[in-house]
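Everything quoted here is computed from the prediction, not taken from an experiment. Quick note on labels: first sequence line is chain A, next is B, and so on, each numbered from 1.
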Amino acid sequence: MNRFEYTRAETLGAAVGAEGAFLAGGTNLLDLMKIGVAAPDRLVDISHLPLDRIEESAGGLRIGAMVRNADIARDPQVLARYPALAEALLSGASAQLRNAATTGGNVMQATRCSYFQDPLSPCNRREPGSGCGALGGVTRTHAVLGWTEGCIAVHPSDMCVALAAYDAVVEITGPGGLREVAMEEFHPLPDAEGAGAPSLSPGEIITHIRLPDPGPLARHGRYVKLRERTSFAFAIVSAAAALAIEDGVITEARLALGGVAARPWRCRKAEEALKGALATAETFARASELATDGARPSGDNAAKIVLAQRIAARALERAAAGTPDRLPALPASVFAGDDNG
Amino acid sequence: MDDLMNLQGQGHVRLGSSAGQALTRRDGRLKVTGAATYAADNRPDGLLHAVLATAGIAKGRVTQLDVAAAAAHPGVVKVYTPENAPRLAISPDEKIHPFVWRMETLTDDRVRYAGQPIALVLAETLEAATEGARLLAPRYEAEPHRVTLDDAEPFETDTTVFGRPATHVSGDVEAARSGAAHHVEATVETSQQYHNSIEPHAITARWDGARLEIDTPNQAIGLSKQTFAAFLGIDPSQILLRSPFIGGGFGSKAILYGGQLLAVLAARELGRPVKLVLRRDQMYGPVGHRAPTRQALQIDLDAEGNIAALEHDTVTLTSSFDQFLESASNASHSLYAAPNLRTTHHGRRADVGTPGPMRAPGEAPGSAALEIAMDAAARSAGLDPLEFRLKNYAESDPSTGQPFSSKGLRECYAEAARLFGWAGRPAEPRSLREGRLLKGWGMGTAQFPCPMFQAAAHATLRADGTAVIETSAADMGQGAWTALAQIAADGLGIDLDKVEFRSGHSDLPDAGVAGGSGHTATAGTALFNAGADAVRQLAELATTDPASPLFGAGNAGVTARAGRLWRNDDERSESYEDILARAGLDLVRGEGKGAREGEPERAMFSHGAVFAEVLVDPDLGQVRVSRLIGAFAAGRIVNPRLARSQLLGGMIWGIGMALQEEAVHDARTGRLTNADLAGYHVPVNADVPMIEALTVHEDDPYVNALGIKGVGEIGVTGTVGAIGNAVWHATGVQPARFPIHPESLI
Ligand SMILES: Cc1cc2nc3c(=O)[nH]c(=O)nc-3n(C[C@H](O)[C@H](O)[C@H](O)COP(=O)(O)OP(=O)(O)OC[C@H]3O[C@@H](n4cnc5c(N)ncnc54)[C@H](O)[C@@H]3O)c2cc1C
Ligand code: SF4
């Protein structure tokens with residue numbers, strides 16, 4: 001491991017504009033340093049910044065960037081109003097990791113593309129211009145939406161998928177001041193050459209995630225995640241759905257897919273088709289086909305398109321049935337049980 | 001063993017006071033409090049940290065290493081490459097016994113697989129050594145490589161591994177096939193798997209003049225000492241090898257690897273202690289793995305559904321430079337009554353590290369494929385899977401004609417089927433549902449051989465009535481310290497809490513290999529005999545001493561129990577303390593051996609039956625094993641709690657093999673794409689909602705005098721096939737490959 005300097009920022013002012021890599025929970029950054037993918041000269045520890053609260057804000061919630069994933073998932077306001085977010089968080093990683101991982105770190109976590117993680121492979125994301133090592137390789141988990149030959153990686157976060165569905169906004173502070181970006185557009189899509197321009201400029205820091213008032217969406221929100229083992233695995237595909245339903249008619253719909261693209265994928269066409277339709281299995285089947293509009297395999301992963309449609313339909317069906325009073329024992333699992341018997 | 005028979009004949013000692021009790025692990029507290037020290041926890045003064053640099057290509061030559069940059073890094077003390085690496089005393093390819101494979105010790109600049117060690121960097125700190133290894137920035141001359149079953153190079157071989165014949169034929173398969181009523185073919189592939197023990201391979205080596213001290217987790221302490229000695233060219237008596245605790249081995253720590261020898265050589269040349277701990281990613285290359293298999297089975301049946309012929313062929317990989325072939329077809333030798341039997345193996349060479357033994361080597365993938373084929377055959381005969389297996393129950397070993405030493409498989413089938421509720425299973429696939437989920441029931445038969453190795457032990461009774469027992473047994477988490485001590489306590493006729501167990505140390509009598517599910521039987525027999533020998537000495541002292549109440553017990557003899565010798569002809573007894581005190585002795589020391597003598601005249605196996613229920617999402621293809629129930633006949637159960645844990649562990653291993661475990665190569669780079677625990681999946685708690693393992697009573701007077709079989713590996717067998725068959729029952733899709741991916745079921 002290379003030598004690096006370590007400093008701890010006690011105030012936001014000290015962190016913003018600092019040169020080096022921000023260290024929050026460290027669950028992703030330190031791993032990347034150990035495998036030689038990241039080699040920062042300087043670590044700026046931001047884990048002690050006073051950004052560790054969840055506050056009411058304009059009818060919604062404002063979540064500090066240092067709030068631990070586990071704390072968001074257990075927050076009564078989140079559980080009551082943004083249940084798909086709680087379910088998404090609880091379906092991610094392990095209890096130990098969720099206790100350490102932060103909101104900001106979760107948003108900024110790197111792709112799990114194994115070629116990105118292998119410094120011996122070319123990778124446009126790690127080393128712009130070197131090419132994409134994944135293309136033509138083992139691509140079972142790679143993107144089916146929004147990819148280019150420059151990069152076919154997916155963003156691995158579960159949390160961000162639910163955030164995108166709830167229209168969350170990322171608050172950023174940089175040397176030049178404050179700015180905001182919709183979660184849905186925060187992660188760049190690749191361009192022909194590579195992974196696209198980074199989400200943050202040097203020295204910029206995520207301070208908060210803001211969630212608007214969910215209104216009636218609160219009562220119909222679910223997250224479903226397909227994976228080979230029941231826990232502690234990234235999604236093959238996942239979906240967050242939130243619905244507002246009046247007298248059996250869908251008045252508002254949100255649908256986002258995970259594991260399919262370099263960003264959480266909001267399915268606008270599907271949402272339009274849902275709005276005004278009856279909340280029936282047929283509606284959901286039709287909408288889920290639209291969810292993958294424009295999808296194409298980036299390698300040996302055509303099955304993911306079918307799976308993404310089906311997981312979208314499942315999330316919609318579960319959301320329509322209503323958020324359960326208590327989260328299932330196996331959050332987000334296909335086997336969560338509530339729609340199986 | 002004759003000794004033991006005689007001793008039991010004389011009635012001195014009995015098994016059954018401690019043995020048979022469901023005691024908790026004696027070392028449990030040490031482990032949960034962190035007081036147990038593992039090899040990598042040793043920090044002798046003056047320690048140097050060693051880190052391997054490994055190859056990034058699968059085949060070719062290393063043309064350049066930036067040794068200057070590495071050596072210049074602060075803290076780096078030495079960089080070894082093929083140009084200056086210290087040499088072994090003998091060829092790295094020397095086969096000094098059947099448990100050695102090439103010792104990769106930087107002998108040349110060839111790269112034979114990705115992840116192969118190409119240099120060793122030693123530094124004052126782990127960080128400096130790690131950075132030094134990175135700074136070597138190797139350059140290569142790459143050559144075309146092959147890493148998969150499809151492109152690997154076929155070769156001819158008469159043996160698979162450990163001298164096992166690659167081919168077995170009994171009867172006349174062709175003749176039987178031509179007259180058969182049904183012919184069934186099944187092809188099943190299994191994946192490349194890694195041991196993934198939580199404790200990585202590690203060694204701390206220190207020389208004191210000519211004497212060598214080694215701390216390394218090891219499943220075969222005595223053998224490894226010999227191996228170290230031979231490759232180092234020193235006398236075994238100069239080596240002290242300690243392995244008190246092992247954080248999981250699963251076979252990979254029964255073997256020595258070049259890295260361990262390099263660390264020892266470096267310590268000698270540099271005159272300082274050296275520690276080498278493999279990084280997690282380095283566990284996926286130089287320290288063995290289970291090779292992938294492609295198995296083709298053919299089963300021919302007569303009109304009643306009796307097996308007329310069984311044929312099992314395995315294609316599997318080994319490295320380009322050594323041979324370990326997963327002898328999967330052997331799983332068909334002794335399980336079902338196949339009057340005509342042919343098993344074959346075909347090796348292929350690939351640019352991968354040499355495979356090695358991994359929990360149920362051969363049996364695990366072989367059983368997986370055999371059980372899938374058996375269900376396919378049952379279907380063609382129109383029989384229930386259990387009925388079909390009972391119909392083809394082997395009363396003697398079909399490959400040798402030998403009778404079984406014991407075989408409680410019928411009881412296993414009955415018990416497990418009853419507990420599972422198998423009766424009334426609908427024959428048609430996709431006929432059971434749970435809500436929207438498909439439900440399926442499947443079963444498989446478990447079988448594992450009962451080998452014995454060679455062990456020796458000492459048992460010393462002390463003047464205060466306590467005892468110390470000594471043998472170099474290996475506890476890699478399975479509970480050997482506890483189970484063996486229970487046997488030893490019975491051998492000594494004292495309470496377990498009076499027994500101090502010294503093990504994990506090469507100066508102790510050799511306990512043999514902790515592998516092949518034969519450790520408890522082998523080392524246990526040695527310990528029992530040693531205890532019985534000590535008791536015999538006490539009995540002699542007492543019965544010939546006119547001052548002892550036991551004097552003249554004569555032919556009726558005495559029995560040892562609870563720290564006393566009791567006359568068999570009346571009520572009188574005397575404590576061990578009193579006998580020793582009167583004789584003016586501090587202690588008596590017994591010696592014992594454990595081994596099987598001569599060629600066995602019976603087939604010796606543990607058996608079991610595993611029943612699985614799976615739920616499958618019909619749209620998404622995700623599979624969950626909702627219930628898993630096994631019943632096993634494994635001879636005398638020394639400790640029911642530990643035996644159950646071993647069986648459950650094996651069955652959970654089977655869940656991983658059936659649904660998750662798989663190392664995936666990029667055929668272009670020759671490197672693995674998932675060489676870490678985030679990418680290589682093994683089951684988690686949430687994958688195991690309901691599991692039970694029970695044992696049925698089995699007395700085996702032939703397997704060894706104590707009647708002990710093994711429980712360490714058998715749980716894997718049967719389980720993989722049971723899950724695969726349950727997936728068929730749920731979906732109608734017969735698995736062609738393990739692990740079963742969701743994509744294959746939608
Ligand atoms: C074995 C394993 C399994 C996992 N499984 C899942 C899973 O199933 N689903 C899932 O969603 N995730 C999973 N994760 C990922 C986990 O969610 C992330 O590692 C975690 O959220 C990162 O948060 P952190 O605070 O530890 O980030 P760090 O590791 O500290 O930082 C990650 C990155 O974010 C940057 N950063 C951190 N905070 C800020 C900020 N406020 N502003 C700007 N930049 C910032 C850092 O500089 C760094 O580049 C898994 C991780 C592991 C190791
Ligand atoms: S897919 Fe993207 S992250 Fe993966 S190797 Fe290609 S460029 Fe790198």
message: With a 6.0 Å cut-off (strictly less than), is the heavy-atom count around CG of A:Asp300, excluding the residue itself, greater than 12?
response: no
statement: Turns out that what part of A:Ile236 lies under 4.5 Å from chain B's heavy atoms comes down to side chain
statement: So, the part of B:His741 with a heavy atom under 4.5 Å from chain A: the answer is both
Check against salt bridge (charged side-chain N to carboxylate O under 4.0 Å, His left out), A:Arg310 and B:Asp617: CA-CA 11 Å; A:Arg310 293 181 179 178; B:Asp617 188 293; over 6 Å; no
message: With a 4.0 Å cut-off on N to O distance, would you call B:Glu743 and A:Arg140 a salt bridge?
response: yes
task: Could you tell me which of B:Val623, B:Asp676, B:Thr669 has the largest number of non-hydrogen atom pairs under 4.5 Å with chain A?
output: B:Val623
message: With a 4.5 angstrom heavy-atom cut-off, is it the side chain or the backbone of B:Leu620 that approaches chain A, or both, or neither?
response: both
query: Could A:Asp118 and B:Arg671 be called an ion pair, given the rule that one side-chain N must be under 4.0 Å from one carboxylate O?
result: yes
statement: Contact list (residues 224-233 of chain A to chain B, heavy-atom gap under 4.5 Å, by number) returns A:Lys225, A:Leu226, A:Arg227, A:Glu228, A:Arg229, A:Thr230, A:Ser231, A:Phe232, A:Ala233
field: Part of A:Val306 lying under 4.5 Å from any heavy atom of chain B
entry: side chain
- request: Would you check if the side chain of A:Tyr115 reaches a backbone N or O of A:Cys123 as a donor-acceptor pair within less than 3.5 Å?
  value: no
field: Atom group of B:Pro138 that falls short of 4.5 Å from chain A, counting heavy atoms
entry: neither
- prompt: Within the side chain of A:Trp147, is there an N or O that forms a donor-acceptor pair under 3.5 Å with the backbone of A:Arg296?
  reply: yes
statement: The interface call for A:Thr141 against chain B, heavy-atom contacts under 4.5 Å, is neither
message: Whether B:Arg436 and A:Glu317 form a salt bridge (side-chain N of Lys/Arg under 4.0 Å from carboxylate O of Asp/Glu) is what I want to check.
response: yes
message: For the residue pair A:Asn301 / A:Thr139, report whether a side-chain donor-acceptor contact shorter than 3.5 Å exists.
response: no
Residue, of A:Leu330, A:Val138, A:Ile35, that accumulates the most heavy atom pairs under 4.5 Å with chain B: A:Val138
query: So what's closer than 4.5 Å to chain A heavy atoms on B:Arg279: side chain, backbone, both or neither?
result: neither
- prompt: In terms of heavy-atom pairs under 4.5 Å with chain B, which of A:Ala302, A:Gly136, A:Ala303 leads?
  reply: A:Gly136
task: Check whether B:Arg624 gets within reach of chain A through its side chain, its backbone, both or neither, counting any heavy atom under 4.5 Å.
output: both
- prompt: Is the side chain of A:Asp31 donor-acceptor paired with the backbone N or O of A:Asn28 at a distance under 3.5 Å, no angle test?
  reply: no
message: We want to know whether B:Asn196 and B:Tyr284 form a side-chain donor-acceptor pair, criterion being a heavy-atom distance below 3.5 angstrom.
response: yes
query: Do A:Gln109 and A:Asn106 have side-chain N/O donor and acceptor atoms under 3.5 Å apart?
result: yes
